[in-house]
Number of protein chains: 2
Amino acid sequence: MANIRDVAKLSGHSVSTVSRALNHSGYVSAATRQEILVAVKQLDYHRNDIALALSTGKTHQIGVIIPFVNRPYFQKLTAAITAEAFEQGYQVTLLPTNYQPERERQYLAMLKHHLLDGLIFLSRSLPFSELVDFRDYGPIVCCEDTFDYPLASVFTNRGESFVHAFQLLKQCGFRHIGVTVSRDEHHSQSAKLTLQAYKMVYGPQLDPVLIYRHTCRMTDGIAAGAQRELQQQGHGALVIGQENIPVSFLMDYSTIDHRLTEMGTTAFKLLFQPEIMKQAISSELILRGRLKKIVAQQQAKSRS
Amino acid sequence: MANIRDVAKLSGHSVSTVSRALNHSGYVSAATRQEILVAVKQLDYHRNDIALALSTGKTHQIGVIIPFVNRPYFQKLTAAITAEAFEQGYQVTLLPTNYQPERERQYLAMLKHHLLDGLIFLSRSLPFSELVDFRDYGPIVCCEDTFDYPLASVFTNRGESFVHAFQLLKQCGFRHIGVTVSRDEHHSQSAKLTLQAYKMVYGPQLDPVLIYRHTCRMTDGIAAGAQRELQQQGHGALVIGQENIPVSFLMDYSTIDHRLTEMGTTAFKLLFQPEIMKQAISSELILRGRLKKIVAQQQAKSRS
DNA sequence: ACTTGACATGCAACGCGTTCCATCTCTAAA
DNA sequence: TTTAGAGATGGAACGCGTTGCATGTCAAGT
């Protein structure tokens, strides 16, 4: 593998001139540049990006901390981040944690070591206070509300969306509501928000029997599974899912689209806009199936 | 950020002794090691992994070349590779291509530049002949049959699985078969194998009308979509999908499991086992719904 | 008493691109 | 004619961990 010194030798110019010629920085005469390019071609020289990273202190790599790589929520976010990063000349490294704090610490250390130019947390088990300590080593963005902590944050206000969904259900006359959660409300932000929203709309008492636990192992369509069960049992209940995943269209149930693509894109952008600290993304309730009809009827009624 | 020389100075030992102490290589007395560890703690020293990579020529990063990050086939494979890589102390960088040859070339160059220790192709648009040129720069593994090319390969023998599936359908008395393909059979290995298998079982003439084209943009469950349509139309046809994705269970149709997790794991392992060139993974036909019943009846009949 | 080798430690080169600083030329302005 | 400054180029340090080689000590073996 030829290096820049080989090119310098062959072309008869100095290393610094070669570097300038290849980076279009500083002064290099047209003739010299030409000779250098010839040598580059002849030796099939390509810059060693590791050396560059050591020299400049920038790796053009960002890390995405992700609990599980096989959950659609995270996949959608990752896809969006990757696309945006690519656009900007950055590479994305996936950093799976299984929610193990030790792994998260390990990845944070990578930032410290200049292995990464930035870090995006899709979710985390470490407390915000611990993340804050690493801000000095590089930009960190969290894909959730970081409240008063001085940590860049992009998030959909899921709480509001949930309230909205429950209100709609109430208006449509639904009285018995079940909710599914992954971890309990003290560990899962999602669970907390869901239950809070329920209580805000339906009042503080929710029958514990109607809280269903699904496992983190489940890789797709919790709502889809519920929908299937209910259909098979001929039960009259309907389902509202999340993330507008394809199966929700196929199985024709309503869903809350949290605009994850926009969220991912924004997360990447925030890495390099330290002046913006918090960015909210608004989500959308997509009506389908029976719920859609019911809502349409309601609207028709209220109009007449 | 403290570096190894700072630690050497503070501890009163040489840089090489510090390096040896931290890497548990060579001889270092217990007392010296202790003093060095104290200095390390005091300075909050952590090794700069970029410098390490430059020095050793190993980055512990492998690249996964992937056309689209949002397709379940690739996601499953990626998840498996990532898990195995993590296990072995490697990091995975996702390299999305959209099937643009230029991007693939760019990623291959990363291998040349020692930015990556290895490269896994989940799919590609470049010809094998071009990939072969890069073998000297680092290990490359393709997740498809590379035939006579000297390129490491892990693949499920999809052709055989397809033949098996068609044979089963034929035995069960199905006469009118439709197939779906993404790109035409000259560009898509998958399409080619599917059509070949059909012809092998049902004879050379397949009604062109029954070849359905689906788009690459479709992110999930082509078979699921078909199943849905057929059900809605009350059509008697049944569907066989691929990859055993969760929706196939939910919607209760049969599927061919190509064992992608095993495939991904194997792909990673092959990077560092240059002696193994080709590795086949056998797939499995999972019967569900009506097809399962029909096959069961057939078996009962043949037994009696 | 002498050799051998395990044990311990340090020096300096290496990997490689970038960039500050010094030097030199030549032209246009004063 | 002198001079400032643009234009061009090279030298060398820098970023930082690793490792081959040289040097030195000390105890066990002969």
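Reckoned from all heavy atoms, side chains included, excluding hydrogens, waters and symmetry mates. By convention in this document, chain letters (A, B, ...) are assigned in the order of the sequence lines, proteins followed by strands, and residues within each chain are numbered from 1.
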Colleague: Classify A:Asp49 by what it touches in the nucleic acid, base, sugar-phosphate, or nothing, heavy-atom distance under 4.0 Å.
Modeller: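 If one applies the 4.0 Å heavy-atom cut-off, A:Asp49 turns out to touch nothing in the nucleic acid.
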Colleague: Can A:Arg124 be said to sit on top of A:Phe128's aromatic six-ring, NZ or CZ under 6.0 Å from centre and within 45° of the ring axis?
Modeller: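 Satisfied, under 6.0 Å and within 45°.
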Colleague: Could you write out each protein N or O paired with an N or O of nucleotides 22-28 of chain C at a distance under 3.5 Å?
Modeller:
none

Colleague: May I ask you to verify whether the side chain of B:Ser16 and the base of D:dG17 hold a donor-acceptor pair under 3.5 Å?
Modeller: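 Not at all, since no donor on one side and acceptor on the other fall under 3.5 Å apart.
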Colleague: Where the side chain of A:Asn3 is defined as all heavy atoms beyond and including C-beta, which of D:dA8, D:dC16, C:dG17 is the nearest nucleotide?
Modeller: C:dG17
Colleague: Tabulate atom names and distances for all N/O pairs under 3.5 angstrom spanning the protein and nucleotides 25-28 of chain D.
Modeller:
none

Colleague: Heavy atoms only, 4.0 Å cut-off, all strands: where does B:Val15 land among base, sugar-phosphate and nothing?
Modeller: base
Colleague: Could you tell me if the side chain of B:Leu95 sits less than 4.5 Å from the side chain of A:Gln91, heavy atoms only?
Modeller: yes
Colleague: Answer with yes or no whether the side chains of A:Asp145 and A:Ser153 bring together a donor and an acceptor at under 3.5 Å.
Modeller: no
Colleague: Taking only Lys NZ, Arg NE, NH1 and NH2, and the carboxylate oxygens of Asp or Glu, determine whether A:Asp44 and B:Lys112 approach each other closer than 4.0 Å.
Modeller: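 Yes.
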Colleague: Write out a two-atom table: protein N or O, nucleotide N or O from nucleotides 4-7 of chain D, distance below 3.5 Å.
Modeller:
residue	atom	partner	partner atom	Å
D:dG7	OP2	A:Tyr27	OH	2.8

Colleague: Look at the side-chain N and O atoms of A:Ser19 and state whether any lies under 4.0 Å from the OP1 or OP2 oxygen of C:dT18.
Modeller: yes
Colleague: A:Glu84 side chain to A:Phe268 main-chain N or O, any donor-acceptor pair under 3.5 Å?
Modeller: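 Not confirmed, A:Glu84 side chain does not pair with A:Phe268 backbone.
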Colleague: Counting distance alone, no hydrogens or angles: does the base of D:dG10 have a donor or acceptor under 3.5 Å from a partner atom on the side chain of A:Arg20?
Modeller: yes
Colleague: Determine the contact category for A:Ser25: base if any of its heavy atoms lies under 4.0 Å from a base atom, sugar-phosphate if only primed atoms, P, OP1 or OP2 are that close, otherwise nothing.
Modeller: nothing
Colleague: Using a 4.5 Å cut-off on heavy atoms from C-beta on, say whether the side chain of B:Leu151 contacts that of B:Val132.
Modeller: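 B:Val132 vs B:Leu151: side chains touch.
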Colleague: Between A:Arg135 and A:Asp133, does at least one N-O distance fall below 4.0 Å, as a salt bridge requires?
Modeller: no
Colleague: Please classify the nucleic acid contact of A:Leu54 as base, sugar-phosphate, or nothing, using heavy-atom distances under 4.0 Å.
Modeller: base
